[in-house]
Amino acid sequence: MSSKVTFIGLGVMGYPMAGHLAKAGYDVTVFNRTPAKADEWTREYTGKACERIAEAVSEANFVMTCVGADPDLRDVYLGVDGIIANAPTQAILIDHTTVSAGVTTEIAQAASERGQSFIDAPVSGGQQGAENGKLTVMCGAEQTAFDRAKPLMDVYGKAVTRMGEPGKGQLTKMVNQIAIAGLVQGLSECLYFAEKSGLDQRQVIDVISQGAAQSWQMENRADTMIAGEYDHGFAVNWMRKDLNICLTEARERGVTLPVTALVDQFYADVQSMGGERWDTSSLLARLRKLGGLQ
């Protein structure tokens, strides 16, 4: 591939995503705030690592980011040594972080003033989806920029969809997290009820998953939840960050999200149990603790 791609942020999501691009033949440069992680990536994949963002993006046609939260995003995009000040004019900037719609609008405007295009492209599918190249990517972008960037995102995305102008990707991701919060709590309650009722939980799941109760969470998380294993996906700390974004945006729009707010507090309980790094299905652990089962 002739396109030069820079990928910034090599966490559990970014590391394999950048790897898929390298394996697809793109000319990939990586940057990570912990240089050892970038060095590890270059030992596994074909590409190079840079110690400064300015150097990493100076010749990039596409810059992709997957970092932590709003402050991290402002730092990598808006700083003197950041992406917008140092990437070429006409570069397409693609952010896969889940952040607020406000910071997305701020960065998109700054990029536009430099002649660059910005795409907010949060993802769903977790670490497993990133490793398998099966992410769902929700994009806010001008159509021309999206059309140019989609072939790259298709490398690690099973569904890459433009939802509208910049900012609409993040709003769609908020909808996704609102839906997941209720689903995981519902699955936790049904498993807990089955357990307390003396039913064979796996047999119950085999039956009800053939009907209207079926969901991705049930298909992919029920067995590990029953086993009390909570190291298979998106961490509680990150879910609470995302739900805070959802609830803040909802307040600003005059929207009430009672179930989302309640589940957010349940995740706070999980954090207090020491489950900050457990995956989001650990809501069952909270119910079991309340019931004296663990």
Side-chain angles (χ1 to χ4, degrees), residues 1-11 13-22 24 26-32 47 50 53 56-70 72-78 82-101 103-125 129-130 133-173:
M1 303 288 182
S2 58
S3 293
K4 293 185 176 182
V5 181
T6 297
F7 206 106
I8 296 173
L10 300 176
M13 302 291 288
Y15 191 103
M17 291 164 75
H20 287 302
L21 291 167
Y26 287 99
D27 181 356
V28 180
T29 297
V30 296
F31 169 87
N32 196 69
C50 292
I53 291 176
V57 304
S58 63
E59 298 180 357
N61 304 114
F62 297 89
V63 180
M64 297 174 166
T65 52
C66 192
V67 292
D70 286 22
D72 306 294
L73 207 64
R74 286 193 176 94
D75 185 46
V76 299
Y77 274 96
L78 302 177
I83 296 166
I84 289 174
N86 295 283
T89 301
Q90 304 303 319
I92 296 181
L93 317 179
I94 306 164
D95 177 45
H96 292 304
T97 317
T98 298
V99 291
S100 70
V103 73
T104 291
T105 301
E106 180 183 347
I107 292 170
Q109 180 61 38
S112 178
E113 291 171 359
R114 281 267 301 165
Q116 301 157 342
S117 298
F118 180 78
I119 301 175
D120 58 299
V123 299
S124 180
K134 300 294 184 182
L135 292 168
T136 298
V137 190
M138 302 153 254
C139 300
E142 299 302 330
Q143 188 69 56
T144 301
F146 175 77
D147 290 341
R148 287 180 59 196
K150 187 175 184 294
L152 283 81
M153 293 185 282
D154 282 339
V155 170
Y156 45 76
K158 67 175 181 179
V160 181
T161 307
R162 178 179 177 267
M163 305 306 298
E165 67 272 12
K168 291 297 178 65
Q170 292 297 343
L171 291 170
T172 304
K173 179 61 183 289

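The figures that follow rest on heavy atoms only: side chains count, while hydrogens, waters and symmetry mates do not.
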Atom pair OG/CD1 of Ser58 and Ile53 - distance to nearest 0.5 Å: 12.5 Å
Salt bridge (Lys or Arg N to Asp or Glu O under 4.0 Å) partners for Asp154, two or more places apart: Lys150
Partners passing ring pair (Phe, Tyr, Trp, His ring centres under 6.0 Å) against Tyr77 (at least two apart in sequence or in another chain): Phe118
Nearest-0.5 Å distance, CZ of residue Phe62 to CE of residue Met153: 9.0 Å
Those residues that, when tested against Asp75, pass side-chain contact (heavy atoms from CB on, under 4.5 Å) (two or more places apart): none
Expected output: side-chain Asp147 to main-chain Thr144 donor-acceptor under 3.5 Å: no
Side-chain heavy atoms of Phe146 within contact of Val160, under 4.5 Å: yes
CG-OG distance between Leu171 and Ser100, expressed to the nearest 0.5 angstrom: 10.0 Å
Closest non-hydrogen atom pair, Ala60 against Thr6: CB-OG1, 3.5 Å
Counterpart residues, side chain to side chain donor-acceptor pair (under 3.5 Å), relative to Ser124 (two or more places apart): Asn176
For Thr105, side-chain contact (heavy atoms from CB on, under 4.5 Å) partners two or more places apart: none
Distance (rounded to the nearest 0.5 Å) between Lys168 NZ and Thr161 OG1: 14.5 Å
Under 3.5 Å donor-acceptor, Asp70 side chain and Val99 backbone: no
Pairs where residues 56-65 contributes a residue and the test salt bridge (charged side-chain N to carboxylate O under 4.0 Å, His left out) is met, not counting sequence neighbours: Lys4-Glu59
All side-chain contact (heavy atoms from CB on, under 4.5 Å) counterparts of Ala130, not counting sequence neighbours: Met13, Pro16, Met17, Leu135
Test item: Lys173 side-chain N/O and Val123 main-chain N/O as donor-acceptor pair under 3.5 Å: yes
Phe7: partners by ring pair (Phe, Tyr, Trp, His ring centres under 6.0 Å), with sequence neighbours left out: none
Counterpart residues, side-chain contact (heavy atoms from CB on, under 4.5 Å), relative to Glu113 (two or more places apart): Gln109
Test side chain to side chain donor-acceptor pair (under 3.5 Å) applied to Thr97 - qualifying residues, sequence neighbours left out: Asp95
Interatomic spacing from OG in Ser112 to CD1 in Ile107 - rounded to 0.5 Å: 13.5 Å
Pairwise side-chain contact, Ile92 with Ile119, heavy-atom cut-off 4.5 Å (strictly under): yes
Contacts of Tyr156 that satisfy ring pair (Phe, Tyr, Trp, His ring centres under 6.0 Å) - sequence neighbours left out: His96
Exercise answer: donor-acceptor pairs, residues 83-91 side-chain atoms, under 3.5 Å, sequence neighbours excluded:
residue, atom, partner, partner atom, Å
Asn86, ND2, Val80, O, 3.1
Asn86, ND2, Gly82, O, 2.7

Straight-line distance of Met138 CE to Gln170 CD, nearest 0.5 Å: 9.0 Å
